Asker: 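Sharing a structure, written as structure tokens. Questions coming.
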Amino acid sequence: MSACVPARADSARTQHVHQPHSPPPHGPRRFRVAGADVSAAIAVFLIALPLSLGIALATGAPLQAGLVAAAVGGIVAGRIGGCPLQVSGPAAGLTVVTADLIQHYGWRTTCAITVFAGIAQLGLGCLRVARSALAVSPAIVHGMLAGIGVTIAVAQLHIVLGGTPQSSVPDNLVALPAQLANLHPADLAVSVLTLALLLLWPRIPGRAGQVLGKLPAALIAVAGATAVAALTGLRLPKVDLPSWSSHALASLPDGPVLGLVAAVLTTTLVCSVQSLLGAVAVDKLVAARPSLTGRVKRSDLDRELLGQGAANIVSGSLGGLPIAGVAVRSSANVAAGAVSRNSTMLHGVLVVIAALLMVPALELIPLASLAALVMAVGLKMVSLNHIRTVTRHREVLVYAVTTCGVVFLGVLEGVALGIAVAVGVALHRLTRTRITHDDTEGVHHVHVRGQLTFLAVPRLSRVLHQVPHGADAVVELDGSFMDHAAYETLQDWQKTHTAQGGSVDITGRRPGTRISEPAEEDGCRCRPWTPWRNHQCERPPTAPPRGTDGQAATDGSPAGDLGTTTGPNAPGTRETTGATGGSGGPDGPSGHELARGISAFHRNTGPLMRRELARLAREGQQPSQLFLTCADSRVVTSMITSSGPGDLFVVRNVGNFVPLPGEESGDDSVAAAIEYAVDVLKVRSITVCGHSGCGAMQALLGAEHGGARTPLQRWLRHGLPSLERALPDVDVDGNEQEQKQGSGRARPRLAGRGAADTAERLCLANVVQQLEHLRAHDSVARALDAGDLELHGMYFHVGEAQSYLLSEDAEGGVFELVRETNLTV
């Protein structure tokens, strides 16, 4: 080896090394903006321009203030913020707060309050408390936004009718009848036209709708109303943009100190919470786009708070509105295909250009059109989806109180009232406990619903003493908390009742919730999915039999237990000597594991599932899917699919093979199960599930395929087509052969990464191959032709606990990672 060549394994790097005095091979990197960012910036700009003017109109601020805030939000917050794709600017959620500040302190002082709110946000960002803001109940946040939306809509309704809004919602409601009696037809006509275009533009049918729908409805509505007003010569109040030389900037705040402090805190709270919640929502939108995986990082909430603070300082100093993350523009940015923060910044630059060069065009816009646009935005803030969600989670009272508080008292007062009600609801749930007693076939059941605290002890004691002496009793605890007073009450009653000849079994929704002493044999507190071999809750035997690992199993039997091969010399396993007698009998290690697992089911899971299982016993099985997977002990179908009894008709075999018709070699069990599931049970889909680390695939790769002498070798022959699909350059005897040009098929693959090894590639190909075998069965073919059946491929990575579903759109098939879905829908 030459002395000039570094002796390193990664010596390939030396190809890029240049002489010390020579210029670098490449010049400085140029700033480039992706085409997707340019198109997304234009789409967001077209939405932001009319909305910024409308929000400025709704607050009573100079209309230029909305343009300043939109430009600063895009450039400053877009550059510094921690959420690359969130678009910041004047937000509808800040309209009520800003309007109230302008009315009480004037515009210049409001700008100063915006600056101080930005400084407060910088302080909070430096203290890294952004995550704490997310601790506010969503019901309070949604209620606050709904209250602000109602306030905006009621105020803008007066401008839509040609009048002037009042200072509060009650005053606006009182003045509404007089306004209706004295409405202006021209203003109303322009407003109705704006709302009609805003509503109907996204609903244009056909191919024309797909093309025209790319233009934002807000821009089309305002532009259309402006064009009609100009062509018909209607005399309406229009946008008035004075010269930038007379634009009002911030001044020193003037007013009572406590009032100014409260104003700064209110602005800081609303801006911060709305921006942080918006960043979290943008993360969910990004996660739904696989093309952005790895390109766009998750939001840094503390940095986002710093960016919002810096933007508010600049906006307030330049005479702009307060700034926060805007959901409408952010979602449009993601939907338009943005890939970096350049789209947000470029949209801000476009706003600056429009504010300087498009003043004559902007001054043609009727104020009634902008008012109608903002009124529609306010109504959308009252989300029916949010109302259904809080109702489902029993927080509708918090939502309603917060909304009414914001509407009739103010934002800060409404939020404070909502927090107080939320705390009261939480305390009520903590102290509310239902305790019932019933007698079923001589067994007395005491049901406890809720948390057991000292406040429930008198009722608990009264119900427990209704159980007769010497009777069998079951106490079912449906809660996650029990304080010391309730624990002592239950324990004392259990000891007394047992001493009088009765029996007590205490069960809970959380497995292992028992009141036994720790030294008792049944004092297990392990989780139901804890494997037998990992249980640490039982004392090891004093004299373990030779060949054991010294661990005793207690609770249920989850993944990785049944089906595990054991032997006297296998590490981490237990020796078994027979069905009866010796260490392998019912009282030996293996029998002990099974018996304890069954006992745990009877104690913890059985009481919760008894009604459902009784219903299934009466109605019979009606599964929706046939799930065909491997017999591997680590693949627990109910766990990885979150399914329950009666959902899946499961067929398991070594290698999840589906033998072709006529090639079962005397074993028709798989074909019989398929026929029964499709023709009798009428399942709607069939899923073939492979998994990582499959022993059958490993055996298939290493087996000699010339002769099949054992049952396992004969069975593995059903995987030879999969082997040919995965490794087209290897013959059936495992020998490499020259790949013929044009031969072979595209190999299935995982989205986002390559196969870890040959075995994983074979696992993927095997799933696709078995789906082809399924289509060869008569019953499956008939159901597919009739449109009554679907076939799905699935790959479960055991080590990563992640599932992939097969998408056959690409050549060869791609297994896409299953993303998190919205569980509230």
Side-chain angles (χ1 to χ4, degrees), residues 440-443 445 472-478 494 498 503-541 544-545 548-566 572-617 621 631-640 642-648 650 652:
T440 304
E441 298 179 355
V443 179
H445 293 266
D472 295 333
V474 177
V475 181
E476 300 180 12
L477 305 178
D478 187 2
Q494 180 186 22
T498 305
S503 66
V504 178
D505 192 7
I506 300 179
T507 67
R509 187 171 292 275
R510 294 185 63 184
T513 305
R514 299 183 61 81
I515 313 300
S516 305
E517 294 292 338
E520 291 182 9
E521 183 183 2
D522 289 336
C524 174
R525 296 180 181 273
C526 292
R527 298 181 180 181
W529 287 109
T530 304
W532 286 339
R533 62 183 178 183
N534 291 340
H535 277 264
Q536 303 293 331
C537 53
E538 188 183 19
R539 293 172 297 176
T548 66
D549 60 358
Q551 292 182 355
T554 54
D555 219 344
S557 62
D561 297 315
L562 296 178
T564 303
T565 303
T566 61
T573 60
R574 296 169 181 78
E575 181 181 1
T576 59
T577 59
T580 59
S583 62
D587 296 329
S590 296
H592 191 56
E593 288 173 346
L594 184 61
R596 290 297 298 272
I598 296 173
S599 175
F601 170 80
H602 290 165
R603 181 176 64 248
N604 300 324
T605 311
L608 302 177
M609 294 298 302
R610 189 167 290 120
R611 291 184 180 179
E612 179 66 14
L613 291 176
R615 182 187 66 81
L616 291 174
Q621 61 169 333
D632 192 289
S633 62
R634 298 164 297 179
V635 180
V636 183
T637 57
S638 59
M639 181 176 65
I640 65 177
S642 297
S643 56
D647 292 333
L648 301 180
V650 181
R652 306 183 68 149

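The shown structure was predicted, so the numbers you read here are calculated from the model rather than taken from an experiment. We're numbering straight along the sequence, starting at 1.
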Asker: Give me the atom names and distance for the closest heavy-atom approach of R652 to T637.
Answerer: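 Looking at all heavy atoms of both residues, the closest pair is NH1-CG2, 4.5 Å.
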Asker: So which atom in L648 and which in S643 form the shortest heavy-atom distance, rounded to 0.1 Å?
Answerer: CD1-OG, 3.4 Å
Asker: Can you tell me how far apart OG1 (T440) and CG (D472) are? Round to the nearest 0.5 Å.
Answerer: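 CG of D472 is found 12.5 Å from OG1 of T440.
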Asker: Taking all heavy atoms of Q494 and all of T498, pick out the closest pair and write down the distance.
Answerer: O-OG1, 2.7 Å
Asker: Which pair of non-hydrogen atoms, one from P645 and one from L613, has the smallest distance, and what is that distance?
Answerer: CB-CD2, 3.8 Å
